[in-house]
Undergrad: 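Let me give you the structure first, and then I'll get to my questions.
Order of the sequence lines fixes the chain letters, A, B, ..., with proteins taken first and strands second; residue numbering starts at 1 for each chain.
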Protein chains: 2
Amino acid sequence: MRVVRVAAAQIGGISLRESRAEVVERLLALLEQAAGAGCGLVVFPELTLTTFFPRYFHEDVARTDPFFEAAMPGPETQPLFDAAARLGVGFHLGYAERVEEEGRVRRFNTAILVSPAGEIVGNYRKVHLPGHSEQLPDAPFQHLEKRYFEVGDLGFPVWRAFGGVVGMCICNDRRWPEAWRVMGLQGVELVALGFNTPETNIHHREPAHLRMFHHRLSLQAGAYQNATWVVAAAKSGDEDGHRLIAGSAIVSPTGEIVAEASTEGDELIVHDCDLDLGADLKRHVFDFARHRRPEAYTRITAQTAATRPA
Amino acid sequence: MRVVRVAAAQIGGISLRESRAEVVERLLALLEQAAGAGCGLVVFPELTLTTFFPRYFHEDVARTDPFFEAAMPGPETQPLFDAAARLGVGFHLGYAERVEEEGRVRRFNTAILVSPAGEIVGNYRKVHLPGHSEQLPDAPFQHLEKRYFEVGDLGFPVWRAFGGVVGMCICNDRRWPEAWRVMGLQGVELVALGFNTPETNIHHREPAHLRMFHHRLSLQAGAYQNATWVVAAAKSGDEDGHRLIAGSAIVSPTGEIVAEASTEGDELIVHDCDLDLGADLKRHVFDFARHRRPEAYTRITAQTAATRPA
């Protein structure tokens with residue numbers, strides 16, 4: 001048994017009018033609550049620090065700068081790192097990253113893993129950006145991640161942390177089995193994952209319940225097929241009239257949901273995750289060394305789009 | 001709308017004492033029933049024609065020859081092809097294939113797709129062979145697929161058939177997202193799949209309900225993530241004291257189970273599958289051309305086993 005007590009910290013909607021300092025106060029309250037409950041790791045959502053701004057169109061991308069962090073930690077987020085170190089609790093945090101690299105400004109949808117000493121031990125930049133890059137004038141709201149972010153350039157790394165092997169992915173990544181498998185091929189034992197998922201699919205009509213069903217199905221399949229814990233935190237509820245699904249969840253390496261949020265607001269869910277629980281699956285059904293057949297998988301890396309037979 | 005009425009034909013247990021002719025009679029009865037219900041395609045299970053013989057150890061692999069088909073159709077299976085042509089119903093059939101190729105005897109766990117004209121239009125040989133190759137003296141029964149079969153050498157092809165794009169995979173393949181994705185990358189719209197899944201996991205103790213849960217989860221994730229129908233047929237129930245799970249199911253491209261067997265015996269489940277139902281998902285959330293990032297997936301084909309970080 002290698003037990004880590006983990007919390008998913010769901011964050012209710014954040015208004016455009018809410019300041020960074022106000023949001024950080026909310027996060028600190030959950031961090032304190034988690035520490036009081038004996039947690040070693042707290043998983044915050046994707047783009048935790050502001051409203052989900054890709055729903056708003058700006059011709060000039062620089063107009064989104066107020067939603068980005070120019071440094072991590074920065075002056076407004078330093079209190080999170082201080083609290084982590086003081087309380088001895090690590091955390092995962094999603095945020096919009098603005099960085100000068102290669103002589104230019106680059107923007108990513110990013111997540112970090114912070115140790116119980118308050119130090120950044122891992123960086124991930126979202127690979128599967130959903131949505132679109134141009135304004136959709138007829139849509140009820142926008143989903144402009146392809147406009148505001150570059151595709152993540154760090155792959156899907158994992159880190160030795162919290163007594164095990166920890167990976168990260170973000171929101172739409174969870175729908176892509178490739179993301180899970182790349183972490184699985186590095187022996188991942190716990191995946192931290194934040195999401196902002198609108199209640200409504202703006203691209204085509206579908207039954208409303210499918211949003212939550214597909215969220216759960218993606219977590220459960222990714223967990224089972226790679227025998228890993230998944231700790232998924234939502235930003236949820238109402239953001240200035242736009243609604244996000246909740247459903248923050250902790251999923252065991254068998255794919256079973258062992259804890260799930262019961263509200264759409266700020267809420268902590270906690271579970272004792274035994275990092276050894278996936279070991280039997282990894283040794284038998286999912287012993288990749290004995291069972292995988294990469295020679296039959298060549299299309300997965302050789303082609304991007306689907307090509308139908310003649 | 002491109003609707004195909006499809007049946008999954010679940011087959012209850014087959015005893016060692018049951019003859020090929022007796023089994024074919026059972027299959028013919030279900031084929032007739034499906035034709036009467038207006039079906040265009042009937043999906044039979046994996047290794048449909050005999051008991052699940054990989055549970056029995058033989059030092060000499062040739063001792064398993066009675067479970068294999070030396071020709072397809074052969075004298076005992078020709079009636080299925082005749083009935084298909086007479087009724088205008090296509091079928092998918094799993095069987096043990098013994099063939100002389102490359103100057104030697106080769107054995108595969110195989111499935112075929114047969115047109116409503118009674119002609120074979122597709123062959124698939126199981127890639128993900130579960131189990132082991134040597135006797136496990138302490139196990140309650142054996143699972144010797146790695147002893148009795150070669151790994152399939154045909155990849156995961158798809159075929160233009162039944163008005164759409166049809167793929168096949170077999171039993172344990174359903175647990176591997178790579179199998180689904182390779183078909184998804186060929187625009188698959190319906191996957192036919194047979195299985196024989198023992199009720200008991202002989203490799204390690206686990207809660208009994210997980211066998212059915214993992215079966216369903218694998219089908220549902222494969223369907224959703226590739227926006228394809230899945231038609232899955234079990235060989236189920238009792239085989240000389242050894243029990244197989246049932247749970248034959250038809251899963252829509254949204255990942256929802258739309259029909260499921262209610263018995264462990266011979267049973268037909270039927271659904272009108274609109275092959276266009278996955279089109280919206282393929283155009284948006286799962287528009288591979290816009291969203292997939294093969295440069296981040298290199299491990300999937302570059303390595304077989306998991307390699308943990310230092």
Undergrad: Which of the residues Arg205(B), His132(B), His209(B) is involved in the greatest number of heavy-atom pairs with chain A at under 4.5 angstrom?
TA: His209(B)
Undergrad: Considering non-hydrogen atoms only, spot the tightest contact between Ala296(B) and Val127(A) and give its length.
TA: CB-CG1, 4.2 Å
Undergrad: May I ask you to name which of His284(A), Lys282(A), Lys146(A) has the most heavy-atom pairs under 4.5 Å with chain B?
TA: His284(A)
Undergrad: So for Leu217(B), is it side chain, backbone, both, or neither that comes closer than 4.5 Å to the heavy atoms of chain A?
TA: both
Undergrad: Heavy-atom distances under 4.5 Å only: say whether Tyr297(B) touches chain A with side chain, backbone, both or neither.
TA: both
Undergrad: Can any side-chain N or O of His214(B) pair as donor or acceptor with the backbone N or O of Thr254(A) at less than 3.5 Å?
TA: yes
Undergrad: Between His203(A), Arg283(A), Gln186(A), Arg293(A), which has the largest tally of heavy atom pairs under 4.5 Å with chain B?
TA: Gln186(A)
Undergrad: Against chain B, work out which of Gly152(A), Gly187(A), Pro294(A) has the most heavy-atom pairs shorter than 4.5 Å and name it.
TA: Pro294(A)
Undergrad: Under a 4.5 Å cutoff for heavy-atom pairs, which residue among Gly222(A), Gly184(A), Gly131(A), Ser218(A) has the most contacts with chain B?
TA: Gly131(A)
Undergrad: Taking the side chain as everything from C-beta on, heavy atoms only, tell me whether Phe213(B) gets closer than 4.5 Å to Tyr224(A).
TA: no
Undergrad: Among Val182(B), Leu185(B), Asp280(B), Leu129(B), which residue has the highest count of heavy-atom pairs closer than 4.5 Å to chain A?
TA: Leu185(B)
Undergrad: Taking side chain as everything from C-beta outward and backbone as N, CA, C, O, which of these in Val188(B) sits under 4.5 Å from a heavy atom of chain A? Side chain, backbone, both or neither.
TA: neither
Undergrad: Indicate the atoms forming the closest heavy-atom contact of His291(B) with His128(A), along with that distance.
TA: O-CD2, 3.4 Å
Undergrad: Show the atom names and distances, to 0.1 Å, of all donor-acceptor pairs under 3.5 Å that link a side chain in residues 160-169 of chain B to residues at least two apart or in another chain.
TA:
| unit_1 | atom_1 | unit_2 | atom_2 | d |
| --- | --- | --- | --- | --- |
| Arg160(B) | NE | Pro309(A) | O | 3.0 |
| Arg160(B) | NH2 | Pro309(A) | O | 3.1 |

Undergrad: List the residues meeting side-chain hydrogen bond (donor to acceptor under 3.5 Å, both in side chains) with Asn196(B), not counting sequence neighbours, and say none if there are none.
TA: Glu46(B), Lys235(B)
Undergrad: Report the option among Pro177(A), Pro130(A), Gly155(A) that has the most heavy-atom pairs separated by less than 4.5 Å from atoms of chain B.
TA: Pro177(A)
Undergrad: Between Trp176(A) and Phe286(B), what is the ring plane arrangement, given parallel below 30°, perpendicular above 60°, and tilted in between?
TA: perpendicular
Undergrad: Could you give all pairs that pass the salt bridge (charged side-chain N to carboxylate O under 4.0 Å, His left out) test and reach residues 207-226 of chain A, with sequence neighbours left out?
TA: Glu206(A)-Arg211(A), Arg216(A)-Glu260(A)
Undergrad: If the contact rule is any heavy atom under 4.5 Å from chain B, which residues of residues 298-308 of chain A qualify, in numerical order?
TA: Thr298(A), Arg299(A), Ile300(A), Thr301(A), Gln303(A), Thr304(A), Ala305(A), Ala306(A), Thr307(A), Arg308(A)
Undergrad: With a 4.5 Å limit on heavy-atom distance, are the side chains of Arg175(A) and Gln225(B) in contact?
TA: no
Undergrad: Name the region of Glu189(B), side chain, backbone, both or neither, that has any atom closer than 4.5 Å to a heavy atom of chain A.
TA: side chain
